[in-house]
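Working notes, structure below.
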Protein chains: 2
Amino acid sequence: MSEGAGTGVHIVQGYSIKQTSELTGITEDTIRYYEKIGLLPRAQRKGNSHRIYSDNDIETMKLITCLKKTGMSLDDMRPYLDLSLDSNLSEYPELHEMILNHKQKILDQIASLQQIVDLIDSKIDQNYLGPQECVLTGDQKKMPVRRTIR
Amino acid sequence: MSEGAGTGVHIVQGYSIKQTSELTGITEDTIRYYEKIGLLPRAQRKGNSHRIYSDNDIETMKLITCLKKTGMSLDDMRPYLDLSLDSNLSEYPELHEMILNHKQKILDQIASLQQIVDLIDSKIDQNYLGPQECVLTGDQKKMPVRRTIR
DNA sequence: AGTTGACTTGGAGCTGACTCCAAGTTATAC
DNA sequence: GTATAACTTGGAGTCAGCTCCAAGTCAACT
């Protein structure tokens, strides 16, 4: 069912897009879409066409899934993917700061989520003390939706 | 600039959509949109047309903003809004279970976010120990889109 | 009476993130 | 050598969640 089956042993060194889809839980279409929008680098090709993926690629895709779970947009996660490929963060102070910034946002998001949990708990316990607001640090929404020109 | 200004004292008992927009940070268009899709109940009207909102409505809208920050879809947050209006949760065991379910998801999401923070920290500290996976409890994506209630 | 301004409705348009499809290529199976 | 399967590309369609707009109403001021 997988590689190494049959007589002609094809040591292909890497996963097909189908295998990759199964390993990551991301559909083939979506993987191609991520490549199309440049979220993933252009995959290596076999023969003249078929994509092949490495374990490293798999990890990157899993990271995407993970980041998506946190509600991050595909655009916002680009720096994280770079981070995951390139280890020398301190060489790019701009990126470094951006990451720190994003970390704070995530911490805020955790606080926000915690408040929801508190709200739920208070409702469930019947000990509701009135609305306690989602106070969070100001309006951190998504960045001013700069619609440039029109 | 606000109510009570001028000679004709209009004790209107409630906020205009503009004031509501300012108080909640949600645009007028979006407030009307929420009403249109039934996320908010049809607002009370003044004269023959203009919407008026109460402090309670404001709170509901703030809750929406709060839930949105956690990445929840408008559809998924309907039960929470009901929860916010009606206090007797235990009377609806179905909703109760749904909420508990959602709470667990949020806890998972917090764990997921915490892992991202850890990833960032490890990168920043240069003490990166290799990818530690976003292990999380299986594939919890969006919840079977129960459109039953209403 | 006319202008202003805050609102109304209905509907079109837009962005992000897919998802689906048609037509074509290439490899292997029979 | 032809059918089948796994892939390719390009582009169209879909859905959520807004966002924008035109045309109209209504009250208040000048």
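In the text below, chain A, chain B and the rest are named by the order of the sequence lines, each starting its count at 1.
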- Item | Below 4.0 Å: OP1/OP2 of dC18(D) and any side-chain N or O of Tyr34(B) | yes
- Message: Both Ser49(B) and Leu74(B) contact DNA chain D. Taking the nearest nucleotide for each, which residue is further toward the 5' end?
- Response: Leu74(B)
- Message: For Tyr53(A) and Thr27(B), find the nucleotide of DNA chain D closest to each by heavy atoms; which residue's nucleotide sits nearer the 5' end?
- Response: Tyr53(A)
Write down the atom of [X], the atom of [Y], and the distance for their closest heavy-atom approach.
X        : Y        : result
Ile58(A) : Thr20(A) : CD1-CG2, 3.6 Å
Ala43(A) : Tyr53(A) : CB-CE2, 3.5 Å
Ile31(B) : Leu40(B) : O-CD1, 4.1 Å
Ile64(B) : Met77(B) : CG2-SD, 3.7 Å

Would you mind reading off the distance between [X] atom [atom1] and [N] atom [atom2], rounded to a whole angstrom?
X        : N       : atom1 : atom2 : result
Asp76(A) : dT15(C) : CG    : P     : 17 Å
Lys46(B) : dA27(D) : NZ    : C1'   : 9 Å
Leu40(A) : dC18(C) : CG    : P     : 11 Å
Glu35(A) : dC18(C) : CD    : C1'   : 16 Å
Arg32(A) : dT19(C) : CZ    : P     : 13 Å
Arg78(B) : dA16(D) : CZ    : P     : 10 Å
Ile52(A) : dC7(D)  : CD1   : C1'   : 13 Å
Tyr33(B) : dC21(D) : OH    : P     : 19 Å

- Got more than 12 heavy atoms from elsewhere within 6.0 Å of CD, Gln114(A)? yes
Which nucleotide in the set [options] lies at the smallest distance from any side-chain heavy atom of [X]?
X        : options                  : answer
Thr30(B) : dC7(C), dT19(D), dT8(D)  : dT19(D)
His50(A) : dT8(D), dA17(C), dT8(C)  : dT8(D)
Ser73(A) : dC7(C), dT19(D), dA17(C) : dA17(C)
Lys68(B) : dA17(C), dT8(C), dC18(D) : dC18(D)
Asp29(A) : dA17(C), dT8(C), dC20(C) : dC20(C)

Checking all strands, does [X] fall into the base, sugar-phosphate, or nothing category for heavy-atom contacts under 4.0 angstrom?
X        : result
Arg51(A) : sugar-phosphate
Ile37(B) : nothing
Lys36(B) : base
Arg45(A) : sugar-phosphate
Lys18(B) : sugar-phosphate

- Query: Any side-chain heavy-atom pair from Ser16(A) and Ile52(A) closer than 4.5 angstrom?
  - Reply: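 When only atoms from C-beta onward are counted, Ile52(A) and Ser16(A) do not touch, as no gap falls below 4.5 Å.
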